[in-house]
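Quick notes on the structure that follows.
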Amino acid sequence: MTKQLLDRALTIDIEAFQIDLVLWFTHDHRDMPWRKERDPYKIWVSEIMLQQTRVDTVIPYFERFMAQFPTVDALAAAEEEKVLKAWEGLGYYSRARNLHSAVKEVHEKYGGIVPNTPKEILSLKGVGPYTAGAIASIAFGLPEPAVDGNVMRVLSRILLIENDIAKPQTRKIFEEAVRLLISKENPSYFNQGLMELGATICTPKNPSCIVCPVQKHCEAFHKGIQTELPVKKKKIKKRTVPVAIAMLQNESGETIIEKRPETGLLANLWQFPNIEISDRNLTKEHLKTYLEERYPIQVDLNDHLVDFQHVFTHLTWQISVYAGSFKAKEPITNGTIVNAEQLDAYPLPVPHQKVARLMKGE
DNA sequence: GATACGTGGCA
DNA sequence: TTGCCAAGTAT
């Protein structure tokens, strides 16, 4: 495969390609907060936030995060709860926990200085092959590949690579391609140029080949098959999980929330008590029984208030919200009782944020 | 290698 | 409405 790839890469004028790409990025790149300086910590945080997440979504989170945790040492000293709260709504929360853990390692093991070798960078928790390459090239100017979905799309078209980009193995092929093509003079702009091109011009649908700075190097364009690439196998259908959420209040207007398990979906975030529904007709009774078994409380449940869906990558929650009242017979240990104002301090996943707003009457 | 892991935007 | 997409990683 590598030999084949080498032949294909050599069919284009590598030096001209580098110049066209880097020059284009130099003049046409979008302005982003993390592009204002070369602080490896900021590059690192931005790259973690940008994993599977759009630039426009990330920008406000990045600004707030940097205001709150401006340095490695500041983030290392923070409580996990605060970090998760800053990440609330961004998704893929293990990114926040892994970043926090890795930053603490950098604080302790490297004196707060982000390591500058590809091997050490890759060893950091939450940093995989793409992110390691991005940090190495953008923060330290090293000629390392940083292959994300954009890069695979762009290069699949330019080099006419037809491997399925949904397969993990395929990424390695593109890394080999980048090692052949990357500008040794400016690896940072070369890698960012590839990604920027994919994000703005060489898009999945309706690529703007007319204004593409590397059009003359593109095999797919010459053959008129750019929309056929990249090859990507379709995903399987996701399952639906019915969930009943209890929105409880006592006479003081306080409610019960609990912390989710430290692993799995939405790990370490907080939520309103809930159960998976087995039989829709018996939901109200099941929920009441569950609540009174789990907590030392007496529950009075109303008929269900509203239904809504929340779609995850791999499953869908079909949610029914049940309002009701409770009286605590003893102190609660496996959850906590909070008022509306205190609730704001807890990191909640989006569907539970919706319940919180419901309870406040918003 | 396949699957788990969030969320919001868009055709 | 439904499905796909967006600067992936861990297990």
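Heavy-atom basis, side chains included; hydrogens, waters and symmetry copies ignored. This structure is a prediction, so every number in the text was calculated from the model and none was measured.
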Q. When all nucleic acid strands are considered with a 4.0 Å heavy-atom cut-off, which category describes A:Arg260: base, sugar-phosphate, or nothing?
A. nothing
Q | Presence of A:Gln52 side-chain N/O under 4.0 Å of C:dA6 phosphate oxygens OP1/OP2 | A | no
Q. Which of the following nucleotides, B:dT7, C:dG8, C:dC5, is nearest to the side chain of A:Asp148?
A. C:dG8
Q: Could you grab the distance from atom CD1 of A:Ile158 to atom CZ of A:Phe221, nearest 0.5 Å is fine?
A: 12.5 Å
Q. Quick one: which of C:dG8, B:dG8, C:dT9 gets closest to the side chain of A:Pro129?
A. C:dT9
Q. Atom CE in A:Met359, atom CD in A:Glu254: separation rounded to 0.5 Å?
A. 10.0 Å
Q) Out of C:dA6, B:dG6, C:dG8, which has the shortest distance to the side chain of A:Pro204? A) C:dA6
Q: Classify the angle between the aromatic ring planes of A:Trp87 and A:Phe65 as parallel (below 30°), tilted (30 to 60°) or perpendicular (above 60°).
A: perpendicular
Q) A:Ile319 has an atom CD1; how far is it from atom P of B:dT7, in whole Å? A) 10 Å
Q.
If you go through the side-chain atoms of A:Thr313, does one of them form a donor-acceptor pair with the base of B:dG6 closer than 3.5 Å?
A. yes
Q) With sugar-phosphate meaning primed atoms plus P, OP1 and OP2, does A:Thr131 contact a base, only sugar-phosphate, or nothing at under 4.0 Å between heavy atoms? A) sugar-phosphate
**Q.** Residue mapping more 5' on DNA chain B - nearest nucleotide basis, A:His310 or A:Gln169
**A.** A:Gln169
Q.
Using a 4.0 Å heavy-atom cut-off, does A:Val55 contact any base of the nucleic acid, only the sugar-phosphate backbone, or nothing at all?
A. base
Q) What integer distance in Å separates A:Gln271:CD from B:dG6:C1'? A) 15 Å
Q | Check: A:Thr53 side chain, B:dG6 base, donor-acceptor under 3.5 Å | A | yes
(Q) Check this one for me: any side-chain N or O of A:Lys232 less than 4.0 Å away from OP1 or OP2 of C:dC5? (A) yes
(Q) Of the listed nucleotides (B:dT7, B:dG9, C:dT9), which one gets closest to any side-chain atom of A:Arg54? (A) B:dG9
Q. 5'-most contact on DNA chain C: A:Met32 or A:Leu124, nearest heavy atom basis?
A. A:Met32
(Q) What contact category does A:Val311 fall into here, base, sugar-phosphate, or nothing, at under 4.0 angstrom with non-hydrogen atoms? (A) base
**Q.** Whole angstrom value for the distance that separates P of C:dG3 from NZ of A:Lys233
**A.** 18 Å
Q.
Over all strands shown, is A:Leu90 touching base, sugar-phosphate only, or nothing at heavy-atom distances under 4.0 angstrom?
A. base
Q) Going by the angle between their ring planes, with limits at 30° and 60°, are A:Phe312 and A:His314 parallel, tilted or perpendicular? A) tilted
Q) Taking atom C1' of C:dC4 as reference, at what distance in whole Å does atom CG of A:Asn206 sit? A) 14 Å
(Q) The side chain of A:Asn98 is closest to which nucleotide in this list: C:dA6, C:dA10, B:dG6? (A) C:dA10
Q | Pairing of A:Glu262 and A:Arg97 as salt bridge, 4.0 angstrom limit | A | no
Q. Using a cut-off of less than 4.0 Å, is there contact between a side-chain N or O of A:Arg153 and OP1 or OP2 of C:dA6?
A. yes
Q) Mapping A:Gln51 and A:Gln309 to their closest nucleotides on DNA chain C, which lands nearer the 5' end? A) A:Gln309
Q | A:Tyr130 and A:Glu47: CA distance, side-chain angles, deciding distance, side-chain contact (heavy atoms from CB on, under 4.5 Å) verdict | A | CA-CA 9 Å; A:Tyr130 161 73; A:Glu47 289 301 339; 2.6 Å; yes
Q: Assign each of A:Lys167 and A:Gly91 to its nearest nucleotide of DNA chain B by heavy atoms, then name whichever residue's nucleotide is nearer the 5' end.
A: A:Lys167
Q: Quickly work out the A:Leu50 CG to B:dG6 C1' distance and round it to whole Å.
A: 15 Å
Q: May I ask you to verify if any side-chain N or O of A:Tyr61 is less than 4.0 angstrom from the OP1 or OP2 atom of B:dT7?
A: no
Q.
Please confirm whether the shortest side-chain N or O distance from A:His314 to OP1 or OP2 of B:dT3 is below 4.0 Å.
A. no
Q: Report the residue from A:Arg179, A:Lys119, A:Lys184 that forms a salt bridge (Lys or Arg N to Asp or Glu O under 4.0 Å) with A:Glu144.
A: A:Arg179
Q) In whole angstrom, what separates A:Glu88's CD from B:dG8's C1'? A) 15 Å
Q: Please state whether the base of C:dG8 and the side chain of A:Tyr130 form at least one donor-acceptor pair under 3.5 Å?
A: no
